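Okay, structure first, notes after.
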Number of protein chains: 2
Amino acid sequence: MKRIESIQNSFVKHWKKLVLTRKERDQSGEFLIEGFHLVEEALKAGNVILTLIKREDVELPENWPIDNVAIIEVTGAVAKEISETERSQGVYAHCRQPVHDETAQTWEKLLFIDAVQDPGNVGTMIRTADAAGIDAVILGKGSADPYNPKTVRSAQGSHFNVPVIRGDLTEWVEKAKARGIRIIGTSLEDAVNYTDEQSNGKFALIVGNEGSGLSPELLSLTDANVKIPIYGKAESLNVAVATGILLYAYSTK
Amino acid sequence: MKRIESIQNSFVKHWKKLVLTRKERDQSGEFLIEGFHLVEEALKAGNVILTLIKREDVELPENWPIDNVAIIEVTGAVAKEISETERSQGVYAHCRQPVHDETAQTWEKLLFIDAVQDPGNVGTMIRTADAAGIDAVILGKGSADPYNPKTVRSAQGSHFNVPVIRGDLTEWVEKAKARGIRIIGTSLEDAVNYTDEQSNGKFALIVGNEGSGLSPELLSLTDANVKIPIYGKAESLNVAVATGILLYAYSTK
């Protein structure tokens, strides 16, 4: 097994940059994941792990399918260098970002995310979309990087289950409309109660920025706009919670 | 206006401890909030702010009802000392923790939180409970401190709108049952689909720990256990998202 002991090693420098900077992730098309659960999900997905990295004191589970996986052992100092969390489990994987066929004509349930900035929110939304059986998640301009370590941690491995694509939401709305998919926006004004919207199972739900909501341009393209009623005194719901309520309302009908 | 320039000042030391330690919050029955939105919510609530604290360069909004509020101005160094966020807005309030009449017999919609550990999750759940018109939130043993700065930030001021109480959930379940309130647990086993549960508007929903769910003891006390179906490959939903889906399913019926 290959072993790395120095934090000056060029692999270590690259991994660390993958954790810290979007630029490195974007330019390489790679990202780093951390922890037993995420690495196991990546192994199950297949074809995403470039290198599995383990701290020298860590035992890998015997049932992991790692016969054909490159493994590098690292010292505690190197592990600390690439860890995103304080209490690291000492297991990591250097992954390629999944590439998806964006012309897939079979997708009927879509989540469009317009400028949601918090990585934890975006990750939770990817996880929720996976759970709700959504076919793909499209992240528009201004949204958090789906491969930010915080996004990846919140998504709990759902990146490997549901296509997550960065794109121009206006174009995606038009493509979806052309295929007979109903475009449902979210807004506090000129919107119907979400329970009054009838989905026939083919929909694209658009959710917007934590503070300002959907852009006016996108709002002008929707077939319907829905809102979740507020029964108490809160001004609004967290965007990931709102997304969960709406996705479950429409995907179960 | 009183002014504090030294981080050695005893007020500053107390405020900092309120941010950093649960012990200080529990012993004093106080907490510190930060940011224009939260301080405004506290002002609206009335009777919670002991002292409003502003950094010397910060202008308070003219429409804030602060005629009868004690205000202390602090230097940038002091503000930095008590800030929880990196980019602080420079406005804070030293608050007393609201005390509620726990014998309130009019509460018909309750959220019981069993050992949810992440402060962000607990805060988001308090915010969601407020939005859904829940009458009170009860936090059982092992749950994050509702007055942890992260909890408070995630709740976005809902602490001032809905009673948040720490208590023994077993006792709360028994009290609620005695008043004819239906106890709905959450579980992946021996549970019905949540859409099959009919609420008559009087319910206590119990949600559990991020990893292990509800304690067996609480599960044995419920009238019904519900689950949210997973249509994709995700193993589970985030607990705050799941809580949102369930609270809206039952409070709108």
Side-chain angles (χ1 to χ4, degrees), chain A residues 37 40-41 44-45 109 118 120-121 123-137 150 153-163 193-196 201 210-211 227-253, chain B residues 37 40-41 44-45 109 118 120-121 123-137 150 153-163 193-196 201 210-211 227-253:
Chain A
H37 176 71
E40 186 167 346
E41 293 294 309
K44 276 196 246 165
K109 293 186 170 103
D118 181 78
N121 280 340
T124 304
M125 290 156 86
I126 292 170
R127 178 181 176 187
T128 308
D130 177 13
I134 298 306
D135 297 317
V137 176
K150 289 198 185 78
R153 200 164 60 234
S154 298
Q156 300 254 325
S158 288
H159 284 77
F160 307 121
N161 301 332
V162 61
N193 193 318
Y194 76 104
T195 51
D196 291 335
E210 289 93 340
K227 67 178 170 192
I228 300 173
I230 302 289
Y231 300 112
K233 292 181 193 155
E235 284 179 12
S236 63
L237 284 160
N238 166 279
V239 67
V241 172
T243 300
I245 293 169
L246 296 175
L247 287 183
Y248 266 87
Y250 301 139
S251 49
T252 50
K253 269 178 188 166
Chain B
H37 176 73
E40 187 167 345
E41 293 295 309
K44 276 196 248 166
K109 294 185 169 102
D118 181 78
N121 281 340
T124 304
M125 291 156 85
I126 292 170
R127 178 180 176 188
T128 307
D130 177 12
I134 299 305
D135 297 317
V137 176
K150 290 197 184 78
R153 200 163 63 235
S154 298
Q156 299 255 324
S158 287
H159 284 77
F160 307 121
N161 302 332
V162 61
N193 193 317
Y194 76 104
T195 52
D196 292 334
E210 289 93 341
K227 66 178 170 192
I228 299 172
I230 302 289
Y231 300 112
K233 292 182 194 153
E235 285 180 12
S236 62
L237 285 160
N238 166 278
V239 66
V241 172
T243 300
I245 293 169
L246 296 175
L247 287 183
Y248 267 87
Y250 301 139
S251 49
T252 50
K253 266 179 190 166

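Below, chain A is the first sequence line, B the second, and so on; all start at residue 1. Predicted model, so just to flag it, every value in this text is computed and none were measured.
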Go through [options] and name the one with the most non-hydrogen pairs under 4.5 angstrom from chain B.
options                      : answer
A:Leu237, A:Val162, A:Ile230 : A:Leu237
A:Pro229, A:Ala240, A:Gly120 : A:Pro229
A:Gly133, A:Ala132, A:Ala131 : A:Ala131

Applying a strict 4.5 Å limit to non-hydrogen atoms, the region of A:Ser236 in contact with chain B is both
Side chain proximity check, B:Tyr248 to A:Val241, heavy atoms < 4.5 angstrom: no
What I'd like to find out is whether the side chain of A:Glu235 reaches to under 4.5 Å of the side chain of B:Glu41, using heavy atoms alone. yes
Taking B:Asn193, B:Thr128, B:Ile245 one by one, which has the highest count of heavy-atom pairs under 4.5 Å against chain A? B:Ile245
Counting heavy-atom pairs under 4.5 Å with chain A, which one of B:Ile134, B:Asn161, B:Leu246, B:Thr124 comes out on top? B:Asn161
Can you see which heavy atom on A:Ala234 is nearest to which on B:Arg127, and at what distance? CB-O, 3.9 Å
With a 4.5 angstrom heavy-atom cut-off, is it the side chain or the backbone of [X] that approaches chain A, or both, or neither?
X        : answer
B:His37  : side chain
B:Lys44  : side chain
B:Ser158 : side chain
B:Thr243 : neither

Look at the side chain of A:Asp130 and the backbone N and O of B:Lys233, then say whether any donor-acceptor pair between them is shorter than 3.5 Å. yes
